[in-house]
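Working notes for the structure below.
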Amino acid sequence: MSSEVRVRFAPSPTGMLHVGGARTALFNWLYARHMGGKFLLRIEDTDRARHVEEAVQVIVDGLRWLGLDWDEGPEVGGDCGPYFQSERGAVYERYLERLQAAGAVYVGEDGATRFRLPRKPLEFGDMVRGRIFVDRGKSTTPSGDPEPDMTIRRADGSWIFHFVNVVDDAEMRVTHVIRGEDHLSNTPKHIELYEALGLPVPRFGHIPLILNRDGSKMSKRDQGASITAYMEQGYVPAAVRNYLCLLGWSPKDDREKMDLAEVVERFDPANINRKAAHFDLDKCNWLNWQYLVAMSVEEFTDASLPWIERAGIAYGSRAALLPVVALIKEKIKQLPEVPGWIDYFFTEDYAYDPEAELKTLAKPGARDRLVQLEAAYQAVEAWDAAALELQLKATAVQQACKPAEFIHPARVAVSGRAVGPSLYHMLEVLGRDRVLARFQKTLERLALRGV
RNA sequence: GACCCUAUCGUCCAGUGGCCUAGGACACUCCCCUUUCACGGGAGUAACACGGGUUCGAAUCCCGUUAGGGUCGCCA
């Protein structure tokens with residue numbers, strides 16, 4: 001029991017869940033699951049003023065969306081709570097007393113409490129980087145002065161991150177601190193705090209940061225930075241999770257698409273890259289598409305339903321939607337594209353793309369071929385893709401034309417656009433009545449325009 | 001400025017002294033397939049930052065340089 005791995009994700013509620021943070025959470029979660037340990041979520045809202053309910057919700061929603069669950073933390077509780085720093089003041093007081101008893105802290109003239117830095121050489125093993133040695137006496141400020149003692153509590157009584165972070169990790173019996181590389185240089189200070197407190201020092205693992213594609217620092221507004229944005233843009237959660245797994249870690253073979261269970265089984269922090277990763281939305285999009293392709297028509301339909309509804313398409317019922325979605329599924333790279341591909345199946349009031357109209361409908365002979373095809377289709381017995389194809393080709397032979405000369409005008413006539421699914425299948429799904437009516441409507445439209 | 005980390009195609013990874021005339025994926029280019037758009041198939045462009053060592057042999061080990069990142073807060 002005492003050897004159980006306990007890791008945590010400890011974000012501060014800033015109002016967004018950053019991809020870097022999400023990946024840190026993911027790697028912690030993977031390690032916990034791989035080791036059969038526990039994954040905790042702790043909100044670092046050092047004081048009441050920082051505690052913003054909606055900001056916490058963003059984190060909770062984002063993690064859940066990615067498929068990460070926590071064994072202890074907000075909404076699930078646990079033995080080491082509360083899991084909000086804003087509610088842990090009494091704990092910090094207790095630990096501060098320990099530091100005072102050891103003579104490790106003093107109150108400055110300004111009223112702030114400071115921790116006396118030992119400034120001794122120090123070494124620790126990092127799970128991803130190996131041994132790290134730091135001669136603490138050599139650290140200076142930008143102006144060249146020796147590193148000043150660390151403030152752990154402000155004059156107003158509120159606490160500073162480094163102190164509460166260490167105290168909470170100890171109190172919550174965290175065994176492995178896996179966090180961003182931005183904390184690597186803070187680690188010696190934290191170890192000094194653990195030692196002054198007489199607490200066991202956890203293992204540390206620092207994962208590289210995620211940079212923009214061009215190598216610049218990724219800020220909140222950069223493309224791809226916010227998990228909420230993926231949620232809103234219809235990404236498949238598993239795809240984003242998959243992409244994040246591959247950013248700095250690899251299964252060591254050539255696989256790209258991997259399910260979670262597989263990653264859990266193979267995950268090893270020692271194999272995390274030490275180099276900062278550059279975020280590449282193209283690859284993320286490609287993976288997302290891979291997940292879309294792998295879906296059944298039913299799954300795909302359900303996943304696109306929110307976008308279809310948001311677009312106000314009167315699709316009637318899910319049953320009516322299925323055959324249409326089946327038709328266009330393979331064309332879609334991103335879920336929000338779905339409405340644009342299916343709208344004309346559910347309204348007779350579809351728009352004609354001016355360019356398509358000009359290029360195919362207005363072409364010499366197009367009108368005549370539409371008339372010929374309409375006549376031929378009126379006579380078709382079984383209204384299915386195979387029969388429609390045969391009939392169209394026969395008509396083409398009769399008129400000494402290429403099938404394409406019928407296909408293109410027919411597509412535009414029936415959908416208003418030049419691109420779409422396979423014509424015959426589209427006609428089948430649309431049904432005889434609607435197809436014939438649309439031919440007729442298009443012919444009238446052409447007559448009106450003097451074509 | 002000091003300290004710490006890092007350095008393989010544009011990007012993500014593989015490579016842990018010989019299997020590397022460096023492999024896969026994304027992106028890009030070209031060709032084929034094709035009723036449009038996609039898909040698919042095939043081909044291609046493209047990298048070991050630089051300089052010294054060590055070694056019979058180095059992308060792999062060591063040192064230096066350069067470059068990038070991080071930290072040095074009464075932010076987290």
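In what follows, every chain begins at residue 1, and chains take the letters A, B, ... in the order their sequences are listed. Quantities reported herein were computed from a predicted structural model and do not represent experimental measurements.
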### Task
For A:Tyr243, report the nucleic acid contact type (base, sugar-phosphate, nothing); a contact means any heavy atom under 4.0 Å.
nothing
### Query
Given the P atoms of B:C20 and B:C37, what is the spacing between them in whole Å?
41 Å
### Task
Measure from the side-chain heavy atoms of A:Val419 and tell me the nearest of B:C74, B:C72, B:C37.
B:C37
### Message
Does B:U11 have OP1 or OP2 under 4.0 Å away from a side-chain N or O of A:Asn212?
### Response
no
### Query
Quick one: is A:Lys329 getting a side-chain N or O under 4.0 Å of the B:C39 phosphate, OP1 or OP2?
no
### Task
Would you indicate which nucleotide in B:C75, B:C72, B:U6 comes nearest to any side-chain atom of A:Arg274?
B:U6
#### Entry: Lys/Arg N to Asp/Glu carboxylate O, A:Arg129 vs A:Glu181, below 4.0 Å
yes
### Query
Which whole number of Å gives the distance between the P atom of B:A49 and that of B:G68?
16 Å
### Task
Report yes if at least one side-chain N or O of A:Ser139 is closer than 4.0 Å to OP1 or OP2 of B:C72; otherwise report no.
no
#### Entry: Geometric cation-pi criterion A:Arg445 and A:Tyr352, 6.0 Å radius, 45° cone
yes
### Query
Is there a side-chain polar atom (N or O) of A:Lys275 under 4.0 Å from OP1 or OP2 of B:U8?
yes
### Query
Checking all strands, does A:Gly420 fall into the base, sugar-phosphate, or nothing category for heavy-atom contacts under 4.0 angstrom?
base
### From B:C74, B:C5, B:U11, nucleotide with atom closest to A:Ile160 side chain
B:C74
### Task
Name the closest nucleotide to the A:Asp280 side chain, picking from B:C39, B:U11, B:A14.
B:U11
### Query
Does NZ or CZ of A:Lys257 fall inside the cone over A:Tyr291's six-membered ring, less than 6.0 Å from its centre and within 45° of the axis?
yes
### Task
Could you tell me whether A:Asp253 and A:Arg255 have a side-chain N and a carboxylate O separated by less than 4.0 Å?
yes
### Query
Of the nucleotides B:C5, B:C39, B:G1, which one has an atom closest to the side chain of A:Trp289?
B:C39
### Query
Can you tell me how far P in B:C30 sits from the matching atom in B:U66, rounded to whole Å?
43 Å
### Query
For atom C1', what is the distance between B:U55 and B:C3, given to the nearest Å?
34 Å
### Task
Determine the contact category for A:Asn273: base if any of its heavy atoms lies under 4.0 Å from a base atom, sugar-phosphate if only primed atoms, P, OP1 or OP2 are that close, otherwise nothing.
sugar-phosphate
### Inter-nucleotide C1' distance (B:C9, B:G15), Å rounded
14 Å
### Task
Between B:C50 and B:G44, how far apart are the P atoms? Round to whole Å, please.
26 Å
### Task
Give a yes or no on whether a salt bridge exists between A:Asp353 and A:Lys359, defined as a side-chain N under 4.0 angstrom from a carboxylate O.
no
### Task
Describe the nucleic acid contact of A:Ala277 in one word from base, sugar-phosphate, nothing, applying a heavy-atom distance below 4.0 Å.
sugar-phosphate
### Task
Consider the side chain of A:Ala112, meaning its heavy atoms from C-beta on, and name the nucleotide among B:C75, B:C3, B:C74 that approaches it most closely.
B:C74
### Task
Indicate, with a heavy-atom threshold strictly under 4.0 Å, whether A:His162 touches base, sugar-phosphate, or nothing.
base
### Message
Checking contacts here: which listed nucleotide (B:G70, B:U11, B:A14) is nearest the side-chain heavy atoms of A:Ser185?
### Response
B:G70
#### Entry: d(NZ, A:Lys189; P, B:G73) in whole Å
6 Å
### Query
Distance between the P atoms of B:G23 and B:C48, in whole angstroms?
13 Å
### Same-atom distance (C1') from B:C19 to B:G53, integer angstrom
26 Å
### Query
Which is true for A:Pro421 with a 4.0 Å heavy-atom rule: it touches a base, it touches only sugar-phosphate, or it touches nothing?
base
### Task
May I ask you to check if A:Lys441 and A:Tyr350 form a cation-pi contact, with NZ or CZ under 6.0 angstrom from the six-membered ring centre and within 45° of the axis?
yes
### Message
Can you tell whether the side chains of A:Glu337 and A:Lys331 come within less than 4.0 Å, N to carboxylate O?
### Response
no
### Task
Scan A:Arg6, A:Arg42, A:Met172, A:Arg8 and name whichever one has a side chain to side chain contact (heavy atoms under 4.5 Å, CB included) with A:Glu72.
A:Arg6
### Query
What nucleotide, of B:G1, B:G15, B:A76, holds the atom closest to the side chain of A:Arg154?
B:A76
### Query
Below 4.0 angstrom from OP1 or OP2 of B:C39, is there any side-chain N or O of A:Lys333?
yes
### Task
Choose from B:G69, B:A76, B:C3 the nucleotide whose nearest atom is closest to any side-chain atom of A:Val134.
B:C3
### Query
Does a side-chain N-to-carboxylate-O contact under 4.0 Å join A:Glu195 and A:Lys120?
no
### Task
Could you walk me through whether A:Lys283 and A:Glu256 pass the salt bridge (charged side-chain N to carboxylate O under 4.0 Å, His left out) test, one step at a time?
CA-CA 10 Å; A:Lys283 178 102 178 223; A:Glu256 308 286 339; 3.1 Å; yes
### Query
What nucleotide, of B:U71, B:A27, B:G10, holds the atom closest to the side chain of A:Asp282?
B:A27
Within the sub-3.5 Å range, which N or O atoms of nucleotides 21-24 of chain B have a protein N or O partner, and how far apart are they?
none

### Query
Under 4.0 Å between a Lys/Arg side-chain N and an Asp/Glu carboxylate O for A:Glu147 and A:Arg136?
yes
### Task
For B:A76, take OP1 and OP2 only and decide whether either is under 4.0 Å from a side-chain N or O of A:Ser12.
no
### Strand contacts (RNA chain B) in residues 404-413 of chain A, 4.0 angstrom heavy-atom criterion
A:Ile407, A:His408, A:Arg411
### Message
Do the side chains of A:Lys252 and A:Asp268 get close enough for a salt bridge, i.e. N-O under 4.0 angstrom?
### Response
no
#### Entry: Side chain A:Lys331 and base B:C37 donor-acceptor under 3.5 Å
yes
